Amino acid sequence: KAGVTQTPRYLIKTRGQQVTLSCSPISGHRSVSWYQQTPGQGLQFLFEYFSETQRNKGNFPGRFSGRQFSNSRSEMNVSTLELGDSALYLCASSAGRTTEAFFGQGTRLTVV
Amino acid sequence: ELKVEQNPLFLSMQEGKNYTIYCNYSTTSDRLYWYRQDPGKSLESLFVLLSNGAVKQEGRLMASLDTKARLSTLHITAAVHDLSATYFCAVDNTNNAGNMLTFGGGTRLMVKP
């Protein structure tokens, strides 16, 4: 059974640019969540999508957005990149409320 | 606002010793998770705890949940070097059917031979 797949694994972007990250969940999982991990702030929830609808949202500025497609694949977009956006971005998929979230390998974004 | 606190943040222990990591959270929740993260890697699910008094064990790790005290523990028995990693607890208190984890700051465990 394939796990959660995130692409790309590594990205280097310049301040002011925008970036799109992709996440393919485990087959059959309809919930996809995104997290940002930094040494200073730890793991922080960005947003969750379920059946193409944003179901929960964390405390991040509007530069961070996402979407989910009908096949449950999800993308997140960060516009007008700032140095502080450098982080490991993790995607997680879940089958339901009482099961664990399975995490992908992450996309390491470096903003220079 | 839900807050999750872990202690200790760093733990250096000898092989063969026992120790406990604590996870306190600030608001009512019926779902608590433990994850492991190796350096440069993603999060690996260890345990899902869904009810008061829940206890789960896998190898040298045992996790428990006390929802009344808002406390979970991860107990390590006879530690071995392979357990060296960072351990996170995470709590989900969404009232809807969603998934939104609030993570503790992590406990970096180093097991020395």
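Please read these numbers as outputs of a predicted model, since none were measured by experiment. Residue numbers start from 1 in every chain, and the chains themselves are labelled A, B, ... in the order their sequence lines are given, proteins ahead of strands.
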At a heavy-atom distance under 4.5 Å, which candidate from Gln37(B), Lys41(B), Glu44(B) has the highest pair count against chain A?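 Going by pairs under 4.5 Å, I would pick Gln37(B).
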Atom group of Leu90(A) that falls short of 4.5 Å from chain B, counting heavy atoms: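 Interface part for Leu90(A): side chain.
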Structural part of Leu88(A) lying under 4.5 Å from a heavy atom of chain B: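 For Leu88(A), the contact with chain B is made by the side chain alone.
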Rounded at 0.5 Å granularity, tell me how far CH2 in Trp34(B) sits from OG1 in Thr73(B).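 Atom-to-atom, Trp34(B):CH2 and Thr73(B):OG1 are 7.5 Å apart.
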If you count heavy-atom pairs within less than 4.5 Å of chain B, which of Gln44(A), Gln37(A), Gln41(A) leads?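 Among the listed options, the one with the most contacts to chain B is Gln37(A).
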As a quick check of understanding, evaluate side-chain hydrogen bond (donor to acceptor under 3.5 Å, both in side chains) for Glu75(A) and Thr20(A), giving each step before the final call. CA-CA 7 Å; Glu75(A) 290 181 347; Thr20(A) 299; 5.4 Å; no
Non-hydrogen atoms of chain A under 4.5 Å away: do they reach the side chain of Phe47(B), the backbone, both or neither?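 The answer is neither part of Phe47(B).
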Side chain, backbone, both or neither: which part of Glu1(B) has a heavy atom under 4.5 Å from chain A?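 Answer is neither: Glu1(B) stays 4.5 Å or more from chain A.
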Geometric class of the Phe103(A)/Phe103(B) ring pair [parallel <30°, tilted 30-60°, perpendicular >60°]: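 The arrangement is perpendicular - the two ring planes meet at more than 60°.
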Under the side chain to side chain donor-acceptor pair (under 3.5 Å) test against His29(A), which residue among Ser94(A), Ser24(A), Ser93(A) passes?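 Single side chain to side chain donor-acceptor pair (under 3.5 Å) partner of His29(A) among Ser94(A), Ser24(A), Ser93(A): Ser93(A).
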By ring-ring contact (aromatic ring centres under 6.0 Å, His included), which residues pair with Tyr49(A), not counting sequence neighbours?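 In terms of ring-ring contact (aromatic ring centres under 6.0 Å, His included), with neighbours along the sequence ignored, Tyr49(A) is linked to Phe47(A).
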